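One structure is given below, encoded as structure tokens.
Please read all numbers here as calculations on a predicted model, not as lab measurements. Residue numbering restarts at 1 for every chain, and letters A, B, ... go by the order of the sequence lines. All heavy atoms count here, side chains included; hydrogens, waters and symmetry mates do not.
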2 protein chains.
Amino acid sequence: MQQSRPDGEPSYDVGPINHHVLHEQIYDALKRHMMMGRFTPGQRLPLRKLAQSLGTSLMPVRDALQRLESVGVVVSSPTRTMIVPEPTAKEQRDLVHIRSLLEADAAAKAALNHTEAELAQIAGHCDSIRKSAETDDLDLFLEANYNFHMAIAVASRISFITTILEPLWLRMGPLVRNYMPNHDHFLRAIANHERILEALAARDPEKASSGIIHDVIESNRFDA
Amino acid sequence: MQQSRPDGEPSYDVGPINHHVLHEQIYDALKRHMMMGRFTPGQRLPLRKLAQSLGTSLMPVRDALQRLESVGVVVSSPTRTMIVPEPTAKEQRDLVHIRSLLEADAAAKAALNHTEAELAQIAGHCDSIRKSAETDDLDLFLEANYNFHMAIAVASRISFITTILEPLWLRMGPLVRNYMPNHDHFLRAIANHERILEALAARDPEKASSGIIHDVIESNRFDA
DNA sequence: TCGTGTCTACTGTTATAACAATTTTTGCGG
DNA sequence: CCGCAAAAATTGTTATAACAGTAGACACGA
């Protein structure tokens with residue numbers, strides 16, 4: 001990995017640092033909060049309250065919220081206060097359906113295009129999911145599950161795919177603590193994910209995409 | 001459609017007016033500019049220049065640009081100046097592929113779910129496309145084509161579908177004046193769109209989705 | 001001629017304040 | 001206790017100003 005350099009030429013490659021401006025940090029924090037289901041559906045998100053709790057002025061909070069709004073992760077009330085949405089039953093079905101369309105395609109391509117490093121990372125997330133099931137750690141499960149699916153999307157090499165998928169996931173965030181209660185769901189999730197991992201390792205596109213569809217639909221089956 | 005009301009109760013239903021705050025008006029203007037291919041790939045979009053040309057301060061312009069950035073329609077340079085992107089060949093292929101996935105599904109559902117009013121509107125856009133071909137009016141074609149596809153997406157009743165599709169379209173904007181030069185493209189586009197319209201009128205999902213796929217792929221065939 | 005450093009635009013970010021619109025609270029009258 | 005109007009608090013939008021990087025021009029020295 002180390003770049004060779006001509007004799008006598010010292011290296012200045014100390015690497016770039018994490019240069020995140022305020023509103024990006026806030027965006028990431030809110031996104032994470034949303035993904036983990038830490039906001040309740042219908043909750044109001046007034047700028048000044050958030051800004052005070054973050055110790056900043058209104059502007060960077062407003063930036064972050066507007067960005068979330070533009071991808072539908074929060075919605076703005078008639079008076080333009082941002083609100084955590086409460087997806088209807090149909091909206092939930094449609095979100096799951098679109099996700100299954102896109103993620104199935106991504107999984108098939110990931111099976112063909114993934115690197116070994118990526119596969120190892122995905123396997124790591126799969127381990128985390130197993131561990132979360134053993135300890136009934138919902139927080140860990142949510143995070144590992146999210147990372148698992150996003151890592152597959154990245155490995156698909158489809159341009160912009162995470163930009164499209166991430167908001168769809170985030171929109172389900174507020175509901176994520178409503179179901180997935182019993183231990184049975186955990187067990188099925190483990191089985192699904194390991195089947196997907198196998199398919200990726202075997203570079204089998206059909207098995208990967210059918211596995212993803214099965215997982216996406218089953219883990220969002222509210223009528224059960 | 002008219003709501004009945006109790007006797008003696010006058011109607012105040014004059015309907016809401018277009019209450020767009022500044023940054024939304026600017027967003028719409030920029031979006032339109034992008035869709036019509038009026039920005040050149042790689043063009044810088046400095047806040048003060050745009051604000052001056054719009055006669056506003058920086059803030060609403062910044063709001064609009066950040067919103068465009070969050071859906072990938074513009075990209076921010078390392079120094080955070082917004083720039084009109086130049087999609088690579090692979091990015092273009094992937095955009096077309098994702099669009100064909102989503103629009104095919106939407107067209108199939110639109111065939112089943114559309115109202116007569118929606119069908120009439122879609123037919124209207126189809127007429128505009130024909131007219132644009134007769135007069136070689138590229139501006140009219142771009143707008144009518146866009147409206148045609150978005151109207152189908154709306155008629156599909158899939159939640160959030162336009163939120164997802166619109167940015168994909170807009171990302172192709174900067175390139176839209178590079179091809180579609182000769183009259184032959186126009187003719188094929190007319191044929192494709194009328195075939196889709198027929199399928200919708202006949203409520204034939206398979207024909208609608210295959211028609212859309214054919215149109216999306218053909219009208220973005222750069223290697224021709 | 002080429003590299004180096006300095007100075008000056010330029011440019012986006014953030015904080016603050018004034019403003020308008022809305023919501024909530026308060027208080028009065030019945 | 002209820003209805004309602006007025007007052008106060010809440011809240012998002014926009015403009016402005018101060019600030020911190022960044023890029024380009026320019027001159028100096030090897």
Side-chain angles (χ1 to χ4, degrees), chain A residues 5-31 34 39-40 42-85, chain B residues 9 12 14-31 39-40 42-85:
Chain A
R5 48 187 151 82
D7 187 72
E9 180 67 26
S11 166
Y12 301 102
D13 183 14
V14 293
I17 62 171
N18 267 8
H19 181 12
H20 265 29
V21 288
L22 255 182
H23 72 258
E24 279 176 343
Q25 296 179 43
I26 296 173
Y27 178 77
D28 288 342
L30 293 176
K31 205 173 64 173
M34 191 68 63
F39 287 127
T40 68
Q43 179 178 353
R44 287 167 55 95
L45 300 171
L47 295 183
R48 283 170 179 82
K49 303 264 176 64
L50 285 175
Q52 187 170 19
S53 110
L54 289 160
T56 71
S57 76
L58 305 187
M59 297 313 298
V61 180
R62 184 167 175 270
D63 290 342
L65 282 176
Q66 283 189 331
R67 184 164 162 195
L68 285 174
E69 190 224 359
S70 75
V71 293
V73 175
V74 303
V75 298
S76 92
S77 76
T79 146
R80 308 201 168 273
T81 302
M82 296 301 184
I83 293 181
V84 179
Chain B
E9 181 67 26
Y12 300 104
V14 292
I17 61 169
N18 268 8
H19 180 10
H20 268 27
V21 289
L22 255 182
H23 71 258
E24 278 176 342
Q25 295 180 43
I26 297 172
Y27 177 78
D28 288 342
L30 293 177
K31 202 172 67 174
F39 287 127
T40 67
Q43 179 177 354
R44 287 166 53 95
L45 301 170
L47 295 182
R48 284 170 178 83
K49 304 265 176 64
L50 285 175
Q52 187 171 18
S53 112
L54 289 159
T56 71
S57 75
L58 305 187
M59 297 313 298
V61 180
R62 185 168 175 269
D63 290 342
L65 282 176
Q66 282 189 331
R67 185 165 162 194
L68 286 173
E69 191 224 359
S70 75
V71 293
V73 175
V74 301
V75 298
S76 91
S77 76
T79 149
R80 308 200 168 274
T81 303
M82 296 301 183
I83 293 182
V84 179

In Watson-Crick or G-U wobble terms, both distances under 3.5 Å, what is the partner of C/dT25?
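Looking at the geometry, C/dT25 pairs with D/dA6.
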Taking any strand in view, what nucleotide pairs with D/dT22 in a Watson-Crick or G-U wobble way, both distances under 3.5 Å?
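Base-paired to nothing in any strand shown.
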Please state how far atom [atom1] in [X] lies from atom [atom2] in [N], giving the value in whole angstrom units.
{"X": "B/H23", "N": "D/dA15", "atom1": "NE2", "atom2": "C1'", "result": "15 Å"}
{"X": "A/M59", "N": "D/dC19", "atom1": "CE", "atom2": "P", "result": "18 Å"}
{"X": "B/M82", "N": "C/dT11", "atom1": "CE", "atom2": "C1'", "result": "12 Å"}
{"X": "B/L22", "N": "D/dG12", "atom1": "CG", "atom2": "C1'", "result": "13 Å"}
{"X": "A/I83", "N": "D/dT11", "atom1": "CD1", "atom2": "P", "result": "12 Å"}
{"X": "A/H20", "N": "C/dG12", "atom1": "NE2", "atom2": "C1'", "result": "16 Å"}

Where does D/dA27 land, syn or anti, once you apply the within-90°-of-0 test for syn?
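Anti.
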Who are the ring pair (Phe, Tyr, Trp, His ring centres under 6.0 Å) partners of B/Y27, not counting sequence neighbours?
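Listed in chain order: nothing, the list is empty.
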So, does [X] get its side chain near the phosphate of [N], meaning an N or O under 4.0 Å from OP1 or OP2?
{"X": "B/T79", "N": "D/dT22", "answer": "no"}
{"X": "A/R62", "N": "D/dG12", "answer": "no"}
{"X": "B/R44", "N": "C/dT11", "answer": "yes"}

Among the nucleotides [options], which one has an atom lying closest to any side-chain atom of [X]?
{"X": "A/L58", "options": "C/dT11, D/dT13, C/dA15", "result": "D/dT13"}
{"X": "B/Q66", "options": "D/dA15, C/dT13, C/dG12", "result": "C/dT13"}
{"X": "A/R80", "options": "D/dT14, C/dA15, D/dT13", "result": "D/dT13"}
{"X": "B/S57", "options": "C/dT14, D/dT13, D/dT16", "result": "D/dT16"}

Is the number of heavy atoms from other residues, nucleotides or ligands within 6.0 Å of CD (A/Q52) greater than 12?
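No - once you tally the heavy atoms of other residues, nucleotides and ligands closer than 6.0 Å, there are 12 at most.
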Suppose we screen for salt bridge (charged side-chain N to carboxylate O under 4.0 Å, His left out). Which residues come up paired with B/R67, at least two apart in sequence or across chains?
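Per chain and number, B/R67 pairs via salt bridge (charged side-chain N to carboxylate O under 4.0 Å, His left out) with no residue.
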Applying side chain to side chain contact (heavy atoms under 4.5 Å, CB included), can you list everything that pairs with B/L58, at least two apart in sequence or on another chain?
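Listed in chain order: B/L47, B/R48, B/A51.
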Starting at CD1 of B/I26, measure out to OG1 of B/T56 and round the result to the nearest 0.5 Å.
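Going from the CD1 atom of B/I26 to the OG1 atom of B/T56 covers 4.0 Å.
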Check DNA chain D against residues 45-52 of chain A and give the residues with a non-hydrogen atom under 4.0 Å, in numerical order.
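Result for residues 45-52 of chain A: A/L45, A/P46, A/L47, A/R48, A/K49, sorted by number.
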Under the salt bridge (charged side-chain N to carboxylate O under 4.0 Å, His left out) rule, what pairs show up with a residue in residues 52-62 of chain B, not counting sequence neighbours?
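Qualifying pairs, neighbours excluded: A/D63-B/R62.
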Please enumerate all residues that pass side chain to side chain donor-acceptor pair (under 3.5 Å) together with A/T81, with sequence neighbours excluded.
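With neighbours one apart ignored, the set is empty.
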